[in-house]
Amino acid sequence: MIEVKNVCYEYSPDEPSLGAAVEDINLTVEDNHFYSLIGHTGSGKTTLIQLMSGLLKPTAGEIYIDGINICDKKIKTRDLTRKIGVVFQYPEYQLFEDTVFSDVAFGPKNLGCDEAEIKNRVQKALKTVGLDESYYEISPFELSGGQKRRVAIAGTIAMEPDILVLDEPTAGLDPAGRDEILSEVKRLKDERGISVIMVSHSMEDVAKVADRVIVMNKGHIAMTGTLSEVFSKSDELYSMGLEIPQISKVILKLRENNVNIKSEIYTVKDAVTEISKLLKG
Amino acid sequence: MIKTEELKFSYKSEDKVTDVLNDININIIEGEFVAVLGRNGSGKSTFAKLMNAILLPTGGKAYVCGIDSADEDKIYDIRKNIGMVFQNPDNQLVATIVEEDVAFGPENLGVEPSEIRKRVDWALDVVGMREFAEAAPHHLSGGQKQRIAIAGILAMKPQCIVLDEPTAMLDPSGRREIINTVKQLNRELGITIVLITHYMDEAALADRIIVMSGGSVCLDGTPKDVLTQRERIKSLGLDTPQVTELMYNLKACGFDVNDKIINVEECVNELLRLIKKEKND
Amino acid sequence: MIRDITLGQFFPGKSLLHRLDPRVKLLWVLVYIILLFLVNTALGFTLYVVITAVLIKLSGIRVKMFFKGMRPIVFLLVFTAVINMFMTAGEPIFKLGFLSVTKEGIRIAVFMALRLMLLVTGTSLLTFTTSPIMLTDAIERILSPFSKIGVPADAIAMMMTIAIRFIPTILEETDKIIKAQKARGADFESGNILARAKAMTPILIPLFISAFRRADELAVAMECRCYHGGEGRTRLKQLKISKIDIESLCFIPVLLILVIFSRQFSLGLM
């Protein structure tokens, strides 16, 4: 569980390009939930992720992971990686080893795991992202873009964190590649009972996998809640430059035309069920 | 505008020949807005690079504005008429000041300084970035940088612009900026557009969609014809818009619906018609 | 650390200094630096500090920015000052164990520090008021007579432009990669020099790969925009020597005379 209390972070005012500041962040990330973190570019999503994973120290406020204050100077980033694992945007650009296996092994090795444990973890992680043994000895640089992305994600999964953070894991992938990664992450969350925080720009993807949503706007947390609590406020989302899934727009329009259908519909599957009900009377 | 005859492209590496494109026959006419879809590695980007003689065909012919792309003497006639915009806005801006970057193309073409000035101001006006003329590119957002890249191409006064996944690295509002700009270029300035994308909603805006798979063209038609071929589209690793998916599923449930639907308005109207009919029965 | 670098930063503006032709500014900086090394008296340094202060005022750029530019050389400043203070032979003022501080030592230490600070400030005046593009244009023009003997002036200028353009991008990228590897438990802070150097591999390899990829993509993008070297290339902004440029050049002999004059006045202690 992560508790963020009154956290602020300011970047140097002379270099606006390095990221957005955040202000007065209060947030609780509970165990065993799939969170989606959404917001306009520059709303502070990446800053928040870096703060929660100890890569940035807040200029004010405190952050606790499982009751431990991570802002404490004695806490090392390395020790935090057991609790919280971060996959950054375009993570394939951080690959550096000669083989897929050794690249994924980098994290567990840093954690001080022994040979057998490393092997076990790497195998499990690569299996999770759908890469079998035939890939182990291949250079990661010979893989396709989507495969590189999986290797990079496996590198963090192999550290077996309690909370997995993914910053736009599907950016730039084609629809099939996108769906594969989403379902792999979802399965991992369900099997291991960990929490996932996923930054996404695609509301369709959010609706598919997440059960909780955190909305950031201009360095503040604008909304948090369940999927339907957040998506029901479509006007507010619009004003922050965000959208709702296309299917929800259809439902909204139907309701405007006095059709008696419930508003909490965010996936095609639900829409089909509800509309069928309606049509069958 | 662009015509290909049995166009082939393959490359050699370590005595292995890899075919990227096989026998592409395409005719893109003046003023058309064409979207190209396909999985990563389907040959879309290679196709784009063949259109402006960055790559030369290893078989067949590509005619651009009536010029054979293999004609080395006319290479700059081709390139100034077929502008290219790439995925990563950072890697296509050359200069440290916005207006200097926009001027880069005309400078290379040897245009008179006073005329360059006019073109730069005009191009920045078209993309709505005039007020940033003296800004440094690294202080701009992704969408803004990409608009500068488009302005840089516009300043060469091309007849056609090929955009290779220009929105892949942008957030929803950045995507909207770019897509609105692209539509405007096509509708108001009559520039032929070839838009390579992974986003079905962007493709739905085009006059025509070409779907590539394994180096060949496998679907070619209006968005309505192409996107509603649900089984085919899915088997190619692509996606259909959520509204199309909804109609497909309703039809599969036995309802008498028109499943040739690709946007929200059509979908709402069709559903309202259906509901009304149901009430009357 | 990465964010402290102001080197090569340009502040757009319309001041007198901004309007000067970059070639004239380059010449001025050269003269400024050469004469700075001729200055050897308190009067001379006072003169230099006053002139530099006036120029900063003229540029309209906040003084803070100049001090920020000095941050990377603080260590060098202190180091040279200390060395000079203790290592110069002469009349001792006080002793610190076997080390003695001499009058001459203090004098040289202060002068050296002043010289370094003025040097950085003077060059900052150039880079702060001149866009990198103008600067590279100026260098290209100055070098262009040598293109006949095989100096690729336009290619050099293009390389400089691209380097300047990509410095912020690469710095940002380095920051990202460091954070990404830290998130995978990489440790850059402990161990001996060898261990630390080895720990850099996970940063350097991705950085190199990314730089090559960027270079490749940029080259294609430039080709698409019809780049084919300097031949037949025109420019949006033409460099023109105007009246203020000529007027400013008239001050060069004035400064020269003042500096030579100041060398005659070695007052008291200093």
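Hydrogens, waters and symmetry mates are skipped; everything else that's a heavy atom, side chains included, is used.
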For this session: Would you mind telling me which of Arg150(A), Arg149(A), Arg187(A) makes a salt bridge (Lys or Arg N to Asp or Glu O under 4.0 Å) with Glu180(A)?
Result: Arg150(A)

Exercise. Would you say the side chains of Gln147(A) and Tyr135(A) form a donor-acceptor pair under 3.5 Å?
Worked result: yes

Problem set entry | Phe88(A), part contacting chain C, at a heavy-atom distance under 4.5 Å | side chain

Exercise. If you take all heavy atoms of Glu97(A) and Phe141(A), which pair is closest and at what distance?
Worked result: O-CE1, 3.8 Å

For this session: Quick one: which of Ala183(C), Pro202(C), Ala180(C) has the most heavy-atom pairs under 4.5 Å with chain A, could you say?
Result: Pro202(C)

Exercise. What part of Asp79(A) is in contact with chain C, defined as an atom under 4.5 angstrom from a non-hydrogen atom: side chain, backbone, both or neither?
Worked result: neither

Exercise. Between Leu95(A) and chain C, which part of the residue has a heavy atom less than 4.5 Å away: side chain, backbone, both or neither?
Worked result: backbone

Seminar exercise, completed: Heaviest contributor of heavy-atom pairs below 4.5 Å to chain A, chosen from Gln181(C), Lys179(C), Lys182(C), is Lys179(C)

Exercise. Going by distance alone, is a donor N or O of one side chain under 3.5 Å from an acceptor N or O of the other, for Glu168(A) and Ser200(A)?
Worked result: no

Problem set entry | Row check, Tyr227(C) ring normal vs Arg233(C) NZ/CZ: under 6.0 Å, within 45° | no

